[in-house]
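If you're wondering where the values come from, they're calculated on a predicted model, not measured in any experiment. Throughout, protein chains are lettered first and strands after them, A, B, ... in sequence-line order, and every chain is numbered starting at 1.
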2 protein chains.
Amino acid sequence: MSVSDILDGKLNENEVEIKGWLVTKRSSGGVQFLVVRDGTGFIQATIHKDEVSPKVFQEAEELTQESSIIIKGVVKEDKRAPGGYEVRVKDLQVVHLAEREYPLAKKEHGIDFLMNFRQLWIRSPRQTAILRIRAEVVKACRDFLDGRGFVLTDAPIFTPSAVEGTTTLFEVPYFGDKAFLTQSGQLYVEATIAAFGKVYCFGPTFRAEKSKTPRHLTEFWMVEPEMAFCGFEDNLKLQEEMVAYIVKTVLEKRQRELETLKRDITPLKKVEPPFERISYTEAVEMLQKAGQQIEWGEDLGAPHEKFISLQFEKPVFIHRYPTKAKAFYMQPDPQDPKVVLCADLMAPEGYGEIIGGSQRIHDLKLLEQRIEEFGLPKKAYEWYLDLRRYGSVPHSGFGLGIERTVMWICKLKHIRETIPFPRTITRIYP
Amino acid sequence: MSVSDILDGKLNENEVEIKGWLVTKRSSGGVQFLVVRDGTGFIQATIHKDEVSPKVFQEAEELTQESSIIIKGVVKEDKRAPGGYEVRVKDLQVVHLAEREYPLAKKEHGIDFLMNFRQLWIRSPRQTAILRIRAEVVKACRDFLDGRGFVLTDAPIFTPSAVEGTTTLFEVPYFGDKAFLTQSGQLYVEATIAAFGKVYCFGPTFRAEKSKTPRHLTEFWMVEPEMAFCGFEDNLKLQEEMVAYIVKTVLEKRQRELETLKRDITPLKKVEPPFERISYTEAVEMLQKAGQQIEWGEDLGAPHEKFISLQFEKPVFIHRYPTKAKAFYMQPDPQDPKVVLCADLMAPEGYGEIIGGSQRIHDLKLLEQRIEEFGLPKKAYEWYLDLRRYGSVPHSGFGLGIERTVMWICKLKHIRETIPFPRTITRIYP
């Protein structure tokens with residue numbers, strides 16, 4: 001028996017027992033109105049003085065915010081109650097009377113205060129809604145990939161070398177040696193495609209970027225599918241289908257949470273394949289016309305991405321970036337070797353990049369050349385070069401950032417709310 | 001169209017196109033027998049000289065091990081072929097001719113050699129079977145918990161303090177400060193139960209243990225469910241059901257892989273609730289009677305666990321360890337405060353611990369006392385103590401180690417084969 005069952009209308013007029021926490025309380029005449037949270041939802045419980053023992057009524061009067069309680073009563077449909085149902089209480093048991101001064105009792109707190117009390121802040125309706133949507137997004141990614149025959153092959157966290165340079169890596173002393181925390185599992189899933197064809201890894205990744213922005217965490221989760229015998233176009237197609245599936249699943253299963261967040265779902269309903277596409281070159285022209293500072297050849301920054309994102313109602317792929325602005329392993333465009341067969345997917349409504357993907361170089365000689373051009377230590381990549389020595393195939397893949405996707409779907413101003421315990425350059429507590 | 005579809009008997013007499021890699025090749029008379037792997041399975045392909053062009057026949061003759069190829073042909077039922085089907089080839093396209101000397105071509109290699117070529121070793125039938133079972137175990141854990149209303153709440157990897165002492169922690173320089181890599185997400189899922197009731201985290205965890213044993217990795221994955229309003233007995237019940245579900249799922253869905261591993265599945269079929277149970281005290285008596293070195297009060301070591309595990313056909317819970325042998329947060333047994341309400345689950349067949357779980361202390365005063373007794377810095381646990389100040393409830397949970405579970409289900413001698421890229425005290429490459 002849970003609050004969500006009550007809100008789903010399954011228990012009307014039934015006797016229920018709810019174990020949960022007191023969120024708010026007010027009294028009016030001989031009635032106390034409690035809002036109770038049990039982890040599956042929020043419900044109003046009413047205690048009528050003439051329907052319970054004097055002891056129960058008094059204990060209810062003395063209840064403090066966040067006290068844990070067990071209530072027994074009957075479910076009643078009531079249009080005035082939030083959610084349309086209430087529990088008319090017959091009995092109440094106090095499991096733990098919370099200390100009188102709940103740190104988050106006041107309505108307004110600064111963000112540092114809230115972050116210091118993240119262990120309590122996550123209990124609030126808004127935070128639980130966001131985190132429940134996060135869990136749904138994670139499940140949607142996995143269900144989508146598992147359902148299409150992708151095999152999960154976890155990439156290691158400790159790595160001997162960097163995918164994309166070493167300046168933003170966390171270094172860990174490792175039994176007299178040193179290891180780096182992974183920035184991406186991509187190189188490793190490229191290895192497992194020859195065993196399984198279609199694979200993905202899904203785990204935390206780390207960037208020691210000093211950027212203190214609303215879009216950066218030092219620790220964030222990525223899902224990274226990789227496919228053998230897969231070119232650039234099929235890769236984009238999978239991304240469209242996967243993102244559309246994620247959004248559709250959240251719309252279907254997390255309606256209540258989206259309402260809690262007051263999320264306007266009209267833009268989300270438009271997220272259906274095919275997505276929009278513009279080339280990097282077109283994007284630069286568009287930005288220059290709008291008076292933004294950018295030269296062809298530079299990578300796009302967050303303000304550029306935001307601008308492009310706002311020009312379209314659907315997610316938009318920006319494809320074929322300049323070779324030098326992107327990672328060493330990307331396949332050159334046969335039509336124009338100055339650019340590579342990559343695409344970043346911009347979420348709409350100004351949110352910018354949620355996916356980076358590309359076709360990978362499968363030719364040994366070209367890959368060796370790129371490693372040299374990029375000034376990377378060839379020895380560290382010997383194992384990766386082996387993948388081009390023994391049965392190399394055209395292959396493609398991408399990485400979808402979970403937190404940025406949740407931030408967009410929930411329409412949040414800051415990424416820190418999208419993960420239970422956010423880590424930033426100034427925070428590893430609690 | 002995939003090899004697994006052929007092996008499932010869905011494509012008999014159909015024309016198919018298979019994209020994959022050459023595993024082995026032999027020829028006899030005018031026929032070449034190829035074994036091809038496409039990531040979903042292994043299939044025999046036969047090339048008859050009189051049925052293909054001379055060019056195709058010659059290219060097939062020149063194929064090297066692990067070359068990537070695309071074959072077209074017709075599926076034929078054939079009892080002599082491994083798996084009962086073969087593809088009678090009409091056309092062959094060589095995508096990439098692998099270099100002539102495949103490093104793993106010889107039958108016998110030392111383990112260090114294989115580990116240095118892990119990027120290729122994972123392609124072997126035995127390794128793909130193990131890793132596919134691993135993926136199934138992960139999915140079974142998630143499906144089981146999601147299906148019962150547990151909410152995924154990822155725990156952080158960077159932590160400011162240790163769950164169980166600091167001697168086995170990896171320390172990471174963190175923007176002028178220091179962080180530790182998590183050993184367990186437990187304290188954090190204890191925080192999220194007040195928001196969601198039933199939760200779990202599932203991610204990599206790290207132990208800088210110097211033990212070089214067949215059961216230790218420095219980086220391994222754990223799933224850690226935690227439940228509000230849940231006592232010791234209900235916690236054990238969930239563990240029984242979850243482990244039984246995992247094993248049943250693998251038996252149903254990974255039959256082919258278990259056959260590849262030549263796993264005797266008779267012991268696995270016995271993994272049904274209720275599991276066996278003995279107290280720590282009984283275990284010590286049993287060990288002492290058998291002449292093993294152990295005194296009441298000491299924690300059990302791997303040889304002890306192995307011995308106990310071998311006494312039972314089913315998994316066995318060893319419960320109620322001495323307070324001082326276990327972590328500070330465990331609830332004392334009201335019947336006997338010298339021991340705590342914890343249990344470790346031993347997998348059968350000598351495999352030992354795959355789960356550690358307990359009821360947690362919910363009383364603030366007692367928890368403060370334990371933190372002091374264990375010599376832990378109270379300040380670091382202030383956020384954790386808040387959970388006992390505001391709506392504390394009896395709660396329980398456990399952590400299941402994925403690699404140890406896979407090691408047992410696959411009946412492996414060493415844990416390093418249970419994860420795509422194992423990390424040990426002497427290895428972070430590839």
Side-chain angles (χ1 to χ4, degrees), chain A residues 19 21 38-40 66-68 95-96 98-99 102 119-120 122-123 128 131-132 135 138-139 146 149 151-154 156-158 160 170-175 179 188 191-192 194-198 203-204 219 221 228-229 383 386-387 389-393 419-421 423 425 428-430, chain B residues 19 21 38-40 66-68 95-96 98-99 102 119-120 122-123 128 131-132 135 138-139 146 149 151-154 156-158 160 170-175 179 188 191-192 194-198 203-204 219 221 228-229 383 386-387 389-393 419-421 423 425 428-430:
Chain A
K19 298 172 176 180
W21 293 265
D38 81 334
T40 71
E66 286 298 322
S67 288
S68 44
V95 177
H96 177 245
E99 292 188 7
Y102 185 60
Q119 69 278 11
L120 304 177
I122 42 172
R123 303 180 180 187
T128 60
L131 294 179
R132 212 177 260 278
V138 170
K139 184 169 156 53
D146 292 342
V151 177
L152 174 75
T153 58
D154 297 307
I157 307 299
F158 288 131
F170 285 104
E171 190 180 314
V172 190
Y174 194 89
F175 304 105
Y188 291 95
T192 59
F196 301 106
K198 295 187 286 188
E219 175 186 321
W221 288 66
F229 296 100
W383 70 271
D386 268 358
L387 311 177
R389 294 187 179 111
Y390 307 104
S392 192
V393 297
I419 187 165
F421 295 92
R423 296 305 185 229
I425 59 172
I428 49 167
Y429 179 92
Chain B
K19 298 173 176 179
W21 293 264
D38 81 334
T40 72
E66 287 297 322
S67 288
S68 43
V95 178
H96 177 245
E99 292 188 7
Y102 186 59
Q119 70 276 12
L120 304 177
I122 42 171
R123 302 179 180 188
T128 59
L131 294 178
R132 211 177 262 279
V138 170
K139 185 168 154 54
D146 292 341
V151 177
L152 174 74
T153 58
D154 297 306
I157 307 298
F158 287 131
F170 285 104
E171 190 179 313
V172 190
Y174 194 90
F175 304 105
Y188 291 96
T192 59
F196 302 106
K198 294 188 285 188
E219 177 186 319
W221 288 66
F229 296 100
W383 70 271
D386 268 359
L387 312 177
R389 293 185 181 112
Y390 307 103
S392 191
V393 296
I419 187 165
F421 295 92
R423 297 304 186 230
I425 60 171
I428 50 167
Y429 179 91

Colleague: Under a 4.5 Å heavy-atom cut-off, does chain A meet the side chain of B:Glu99, its backbone, both or neither?
Modeller: both

Colleague: Given heavy-atom pairs under 4.5 angstrom as the criterion, report whether the side chain, backbone, both or neither of A:Ser67 touches chain B.
Modeller: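 Contact with chain B involves the backbone of A:Ser67 alone.
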
Colleague: Considering only heavy atoms, which portion of A:Pro204 lies under 4.5 Å from any heavy atom of chain B: side chain, backbone, both, or neither?
Modeller: side chain

Colleague: Among the options B:Pro156, B:Ala135, B:Gly149, B:Ala179, pick out the one with the most heavy-atom pairs lying under 4.5 Å from chain A.
Modeller: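 Of the candidates given, the most pairs with chain A belong to B:Pro156.
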
Colleague: Please identify, among B:Ile425, B:Leu152, B:Thr40, B:Leu387, the residue contributing the most non-hydrogen atom pairs under 4.5 Å to chain A.
Modeller: B:Ile425

Colleague: Kindly say whether the aromatic ring centers of B:Phe421 and A:Phe158 come within a distance under 6.0 Å.
Modeller: no

Colleague: Go through B:Val393, B:Val172, B:Ile157 and name the one with the most non-hydrogen pairs under 4.5 angstrom from chain A.
Modeller: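 Looking at each option in turn, the highest pair count goes to B:Ile157.
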
Colleague: Among B:Gly197, B:Gly391, B:Ser68, B:Gly39, which residue has the highest count of heavy-atom pairs closer than 4.5 Å to chain A?
Modeller: B:Gly391

Colleague: I need the residue from B:Thr153, B:Asp146, B:Ile419 with the largest number of non-hydrogen atom pairs under 4.5 Å to chain A.
Modeller: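 When all of B:Thr153, B:Asp146, B:Ile419 are compared, B:Asp146 has the most.
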
Colleague: Treating A:Trp383 as the side-chain partner and B:Pro430 as the backbone partner, does any N or O pair qualify as donor plus acceptor under 3.5 Å?
Modeller: no

Colleague: Side chains of A:Leu131 and B:Val151: does their closest heavy-atom pair fall under 4.5 Å?
Modeller: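 Side-chain contact under 4.5 Å: no.
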
Colleague: Among A:Ala98, A:Ser392, A:Ala228, A:Pro173, which residue forms the greatest number of heavy-atom pairs with chain B at distances under 4.5 Å?
Modeller: A:Ser392

Colleague: Roughly how far apart are B:Asp154 CG and A:Trp221 CH2, rounded to 0.5 Å?
Modeller: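 With rounding to 0.5 Å, CG (B:Asp154) is 4.5 Å from CH2 (A:Trp221).
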
Colleague: Restricting to side chain to side chain contact (heavy atoms under 4.5 Å, CB included), what partner residues turn up for B:Asp386, sequence neighbours left out?
Modeller: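 Counting only residues at least two positions away or on another chain, B:Asp386 forms a side chain to side chain contact (heavy atoms under 4.5 Å, CB included) with A:Phe117, A:Gln119, A:Leu120, B:Arg389, B:Tyr390.
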
Colleague: Using non-hydrogen atoms and a 4.5 Å limit, figure out which bit of B:Lys19 sits close to chain A: side chain, backbone, both or neither.
Modeller: both

Colleague: State which residues pass side chain to side chain contact (heavy atoms under 4.5 Å, CB included) with B:Thr128; sequence neighbours excluded, sorted by chain then number.
Modeller: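 B:Thr128 satisfies side chain to side chain contact (heavy atoms under 4.5 Å, CB included) with A:Ala195, A:Phe196, B:Phe42 only.
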
